[in-house]
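Given the structure is predicted, the values throughout are model-derived calculations rather than measurements. A note on names: the letters A, B, ... follow the listed sequences, proteins ahead of strands, and every chain is numbered from 1.
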2 protein chains.
Amino acid sequence: MKLDEIRRAHGGNLDNCPVRDVLANLSGKWSSLLLIVLAERPRRFSEIRRLVFDISQRMLTQTLRELQRDGYVHRLVVPSTPPKVEYSLTPLGHSMFQPLLALIEWADQNHMAVREARDRFDAIAE
Amino acid sequence: MKLDEIRRAHGGNLDNCPVRDVLANLSGKWSSLLLIVLAERPRRFSEIRRLVFDISQRMLTQTLRELQRDGYVHRLVVPSTPPKVEYSLTPLGHSMFQPLLALIEWADQNHMAVREARDRFDAIAE
DNA sequence: CGGTATCCAATGGGATACTG
DNA sequence: CAGTATCCCATTGGATACCG
């Protein structure tokens, strides 16, 4: 794909633009972290909460709903007492997670380079 | 890389977590769009503004600064009258753009699947 | 031309309390 | 257990005016 095609997809067609429309919902504070947890294996609500221990209950519910709405996450309710709810990645979710994982691995490997760039920038600016 | 390693990198080490620290700055409303424009070729301030025509001057300046601070973007001032400022991707920026582009292409190719998932979700919820 | 500065509205997100 | 509901604060981002 050519870069100018991607760029032009944005012009004149703002709400439909894939970059804006799709990536926007992956850009939240918690989305990628929840996807990492669910890509490993299906998890229950309380399990996810323990793993991402500083997320509030409100944001966990809300972010899972958004990911479910976009078709990345499946929500399975097991009616029992107490109720169980299991979250898992859909095929679409797994498909999307492949390129996302590449970006996550880049972040992991180049974390220090970014931090050093920041320190240099801040040192000059003072 | 194993998923549980990525996940565990988050636990107990919150501010240093690469996922949070690096991806957070790529998650803004304009970051990926500006990176797409600059990955094509270097551009002047006013050029970028024309291409991403609905960005405000304030957000263009601010987002470019953040990308520059993290080491993705280089800012070259040509002192002339009128002044010229050219923005371009650094080697680190080009390196990061490879996995980002894969995600952008995924978004482009699966845009409709995501929209359909949304419609189904909204239809059930009503 | 390429910015800053200021003000304001909208959104994101945390804390707490309550519920089937 | 897995949520909702409410309130409130912090951050994001848009509009406008001004500047070297």
Practice prompt. Any chance you could lay out the side chain to side chain contact (heavy atoms under 4.5 Å, CB included) test for A:Leu60 and A:Leu34, step after step, and finish with the verdict?
Written response: CA-CA 8 Å; A:Leu60 179 52; A:Leu34 297 191; 3.8 Å; yes
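- At least one side-chain heavy atom of A:Arg75 sits less than 4.5 Å from a side-chain heavy atom of A:Arg65.
- Between B:Lys84 and B:Glu47 there is no salt bridge, since none of the side-chain N atoms of the basic residue sits less than 4.0 Å from a carboxylate O of the acidic one.
- Put simply, chain B comes within 4.0 Å of DNA chain C, heavy atom to any atom, from C:dC1 to C:dT6, going 5' to 3'.
- At whole-Å resolution of the value, CD in A:Gln57 and P in D:dT4 are 9 Å apart.
- Between B:Asp21 and A:His111, the closest heavy-atom pair is OD2-NE2, 2.8 Å.
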Item to complete: Show the numbers, then the answer: is there a side chain to side chain contact (heavy atoms under 4.5 Å, CB included) between B:Ile48 and B:Leu51?
Response: CA-CA 5 Å; B:Ile48 305 172; B:Leu51 293 169; 5.7 Å; no
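- Between A:Arg20 and B:Asp54 a salt bridge is recorded (basic side-chain N to carboxylate O distance below 4.0 Å).
- Here the side chain of A:Thr90 pairs a donor or acceptor atom with the backbone of A:Tyr72 at under 3.5 angstrom.
- For the segment residues 75-89 of chain A, residues with any heavy atom less than 4.0 angstrom from an atom of DNA chain D are, sorted by number, A:Arg75, A:Pro82, A:Pro83, A:Lys84, A:Val85, A:Tyr87.
- Formation of a donor-acceptor pair under 3.5 Å by the A:Ser27 side chain with backbone atoms of A:Leu23 is found in this model.
- Sorted by residue number, the members of residues 59-71 of chain A with any non-hydrogen atom under 4.0 Å from DNA chain C read A:Met59.
- Mapped onto DNA chain D by nearest heavy atom, A:Arg58 and A:Arg44 fall at different nucleotides, with A:Arg44 at the one closer to the 5' end.
- Shortest non-hydrogen contact noted between B:Leu35 and B:Leu100 is CD1-CD2, 3.8 Å.
- Taking atom CD1 of B:Ile55 as the reference point, atom P of D:dG14 lies 7 Å away to the nearest angstrom.
- The backbone N or O of B:Pro91 sits nowhere less than 3.5 Å from a side-chain atom of B:Ser95 that would complete a donor-acceptor pair.
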